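Worksheet for the structure shown next.
Letters go in sequence order (proteins before strands), and every chain restarts at 1. Since this is a predicted model, take the numbers as computed values, not measurements.
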Amino acid sequence: MKASCFHLSTLKETPVDAEIVSHQLMLRAGLIRRLASGIYSWMPLGLRVLRKVENIVREEMDKSGGLELLMPSVQPAELWQESGRWDQFGPELLRLQDRHQRNYCLGPTHEEVIVDIFRRDIKSYKQLPVNFYQIQTKFRDEIRPRFGVMRSREFIMKDAYSFHASQESLQQTYDLMYQTYSNIFDRFGLAYRAVSADSGSIGGSTSHEFHVLADSGEDAIAFSDQSDYAANVEMAVAIPPQTERDQPGAAMEIIDTSGLYTIEDLTDKLDADIKKCLKTLIVDSDDDGLVALVLRGDHELNPVKTEKLLRVASPLRMAEREKIKRVLGSDIGSLGPVGLGITTYVDSSAGFVRDFICGANINDKHYINANWGRDCEEPTIADIRSVQEGDPSPDGQGSLKILRGIEVGHIFQLGQKYSETMQATVLDVNGKSVVTSMGCYGIGVTRVVAAAIEQNNDERGIFWPDSLAPFQLAICPLNYNKSEQVKHAADKLYADCLQRGIEVLLDDRPLRPGVMFSDMELIGVPHRIVLSDRGLNADLFEYKGRRDENSQDLALTNLPDFLNQLFSQECVRD
RNA sequence: CGGGGUGUAGCUCAGCCUGGUAGAGCGCUGCCUUCGGGAGGCAGAGGUCGUAGGUUCAAAUCCUGUCUCCCCGACCA
C-alpha cells in the first residue's frame with residue numbers, strides 16, 4: 001500500500017472525550033471515528049487490525065472443529081419471550097418495532113437464535129457434538145458506554161455455541177475451547193491470563209475468563225505465585241488465616257468513642273490493631289428487612305460473593321441510613337455484632353478474631369475485648385470478602401498476587417439452561433428424547449483491539465504485536481518526490497516486499513521526515529526502513545523496530561537477507 | 001436512571017461574568033523558502049455560536065424549554 005493512496009487520518013492533538021490511552025490512540029491514529037455515543041466507525045486502518053483479530057480467531061476456531069455461520073442481528077421478540085429473557089434482560093436489550101408493530105430486538109447475544117436453529121435442524125445424538133460460531137455485530141444498550149470501543153454499545157464478538165448429548169461431551173468441548181482460546185491469545189502476542197470466573201447473568205456453572213493484562217484493566221485478578229490457580233477477585237476464595245479461634249482474653253468493656261466512626265478513626269485514636277477492629281455493614285434483605293455483614297477492618301466486602309447468600313438482596317444494596325437508625329437504633333459508625341438481633345454473616349477471617357473492637361449499637365460507644373461465643377452468638381461464617389495480595393492461595397500452594405486485566409474472552413458451561421426451556425432435544429441411542437447440554441464461548445473482537453493497545457503503547461503511540469499490526473513494515477523514503485535515486489530504491493524495495501507477501505506501507509507523501517516518522521510510530525507499524533540520499537550514497541539503509549531505542553545502519557547488499565530474516569516467521573504462519 | 005459538567009471553524013480552546021453582531025493555535029488550499037524528528041513566511045477557504053422560544057433597539061453572551069456529548073455510580077465481550 002502506498003500512503004498516498006491510503007487514508008491515514010492522524011491527529012496531533014488528543015481528543016478531549018477520550019479517557020484511556022487506547023481510546024485516545026485509536027482516535028489519534030485514525031483507527032475509529034465516533035458516530036454516536038458508544039457507536040463507532042472502523043476506518044480503513046482500524047479495519048485492517050480488526051480483520052487480523054478476526055482471522056486468527058476464525059482459523060483457530062475452524063481448527064478446533066467450529067462451524068462458522070452467521071445469524072441475524074435483528075431478532076423476533078417471540079424467541080426471547082420463549083426463553084424468558086424478553087422480560088429479564090431489561091433496558092440493555094434494544095427493542096424495536098417493524099411497520100406492522102411486531103416486536104424485535106437487536107441481538108446482544110445469540111443463544112435464542114442458535115437454539116432455534118438447532119432444534120429445527122438436529123434430531124439425533126449422532127449429529128452431536130456440534131459447535132457453531134459466528135463473528136458478528138452485537139448491540140447492548142449499555143447504561144453508560146465509555147472508553148471508546150472498550151465498552152461500546154455496538155461491538156463485534158465471536159460467539160460460539162456447542163451442543164452435547166452428555167456432560168462428558170460438554171466438558172470435552174469446553175476443555176478444547178479453553179485450549180483454543182489459549183492458542184488464539186498466544187497468536188495475538190498479548191500477555192493474558194485465564195481465570196476462573198463468576199458466570200454472571202448468563203447462567204451456568206463452570207466458567208473461565210480470559211484477561212489481557214494491563215494496569216488500566218477494569219477487573220482485578222488473583223493468581224498464585226506458585227501454582228496455576230487464577231481467579232477473578234470477584235470469585236477468588238478467601239482462606240481464613242487459621243482454623244481455630246484463640247481463647248478469649250480480658251473481659252468485654254464498653255468505652256466512649258465520641259467522634260470515632262470509621263476504622264481509621266479507631267486505629268488512629270485508640271492505637272488499635274486494624275485486624276482486631278471489626279466493621280459491620282448493613283445491606284437490604286430480599287424481604288424488605290436488613291442483613292448485617294461483619295468483616296475485619298483491613299478487609300473489603302465482595303458484593304458478588306455476598307449477594308449469593310440466603311436472604312441477601314441480589315443485586316446487593318447497602319441499606320439506607322435512616323432505616324438502619326430506625327431498626328437498629330444507632331448510626332452506622334457505631335454498629336457491631338454484639339446483640340444486634342438481625343441476620344448476621346461474619347466473614348471467615350473476622351470469625352477467628354478474639355478480643356475484638358466493634359460498635360456497641362449505641363451511638364458513640366464501642367466494645368473492646370469482645371469475643372465470639374462469649375459476648376455474642378457464635379458467628380454464622382461466610383466468605384464475603386475480596387482476597388488481597390499476600391493472602392494464601394485457595395489451593396494451598398503459595399500466596400496470591402493481584403494484577404489488573406481486561407476481560408476479552410469468556411467461556412461457559414451453560415448446561416441445560418436454554419435447551420430445557422426452549423426444547424432443544426435429540427433422540428439418544430434408545431430412541432428416547434434427551435435435553436442437550438450447551439456450552440457458550442465468547443471473544444470480544446473489537447475489545448481485543450483496544451486491549452492490545454492498552455497493553456502496548458508508549459508516549460509516541462501504539463506498538464502492535466506483529467500478528468495484529470495493520471502493516472508489518474513502513475518504508476520511509478526521504479525526499480521521495482525529489483530524489484530519483486531515493487524514489488527508485490524505495491519503489492524497488494516496495495515491489496520486492498509485495499512480491500514476498502509482506503504487508504508494507506510505502507510513505508510516498510511529500511512530508512518532512514519528522515512528520516512521517518511520527519505518523520508511523522503513532523499507528524504502530526512494527527518495522528521501519530528509511531531510505532535517503534545520504535544512506536544510499538554510502539550503500540546503507542536504516543532499520544528501526546518500533547520498540548527499539550536506536551536505529552541501525554545496515555549494508556544495502558544485505559537487505560534481501562535482512563527481510564528474509566525479519567519476516568520469515570510471519571510468512572510461514574500467514 | 002441519580003449526581004456533576006459540556007456544546008463557539010475539521011481538532012484543542014478563548015470570548016459569556018459586565019449584551020454592541022466572532023477570535024487564536026493546530027489542521028486544510030495556493031505560492032515561496034526549508035528538508036533526518038510534528039519547520040518558516042505570504043495569501044486564502046472555513047462558523048445559522050447544539051436547538052426552539054423569550055427578554056432587548058441589539059443576544060455567542062441574560063432567561064426558559066429541549067437535545068447532544070462527557071465524567072462519577074450499578075452492567076458486561
Worksheet item: Going by ring centres under 5.5 Å and near-parallel planes (under 30°), is A:Phe155 stacked on B:A77?
Response: yes
[N] [atom2] sits how many Å from [X] [atom1], rounded?
X	N	atom1	atom2	value
A:Ile523	B:G38	CD1	P	18 Å
A:Asn481	B:C35	CG	P	17 Å
A:Glu92	B:A77	CD	P	9 Å
A:Asp519	B:G36	CG	C1'	16 Å

Worksheet item: Using atom P of each nucleotide, how far apart are B:A45 and B:A22 to the nearest Å?
Response: 15 Å
Item to complete: In whole angstrom, give me the gap between the P atoms of B:A60 and B:C76.
Response: 48 Å
Item to complete: Counting heavy atoms from C-beta on, name the nucleotide in B:A77, B:U12, B:C72 closest to the side chain of A:Val16.
Response: B:U12
Discussion item. Of the listed nucleotides (B:G37, B:G36, B:C71), which one gets closest to any side-chain atom of A:Ser532?
Written reply: B:G36
Go through the N and O atoms of the side chain of [X] and the base of [N], and report whether any donor-acceptor pair is under 3.5 Å.
X	N	answer
A:Arg151	B:C75	yes
A:Arg146	B:C69	no
A:Arg509	B:G38	no
A:Glu13	B:G27	no

Worksheet item: Is the shortest distance from a Lys or Arg side-chain nitrogen in A:Asp508 or A:Lys2 to a carboxylate oxygen in the other one below 4.0 Å?
Response: no
Worksheet item: Does A:Lys138 come within less than 4.0 Å of A:Glu154, counting only side-chain N to carboxylate O?
Response: no
Item to complete: Would you tell me whether A:Arg153 and A:Tyr40 have side-chain atoms, one donor and one acceptor, within less than 3.5 Å of each other?
Response: no
Item to complete: Flag yes if more than 12 heavy atoms outside A:Glu264 fall under 6.0 Å of its CD atom; otherwise flag no.
Response: no
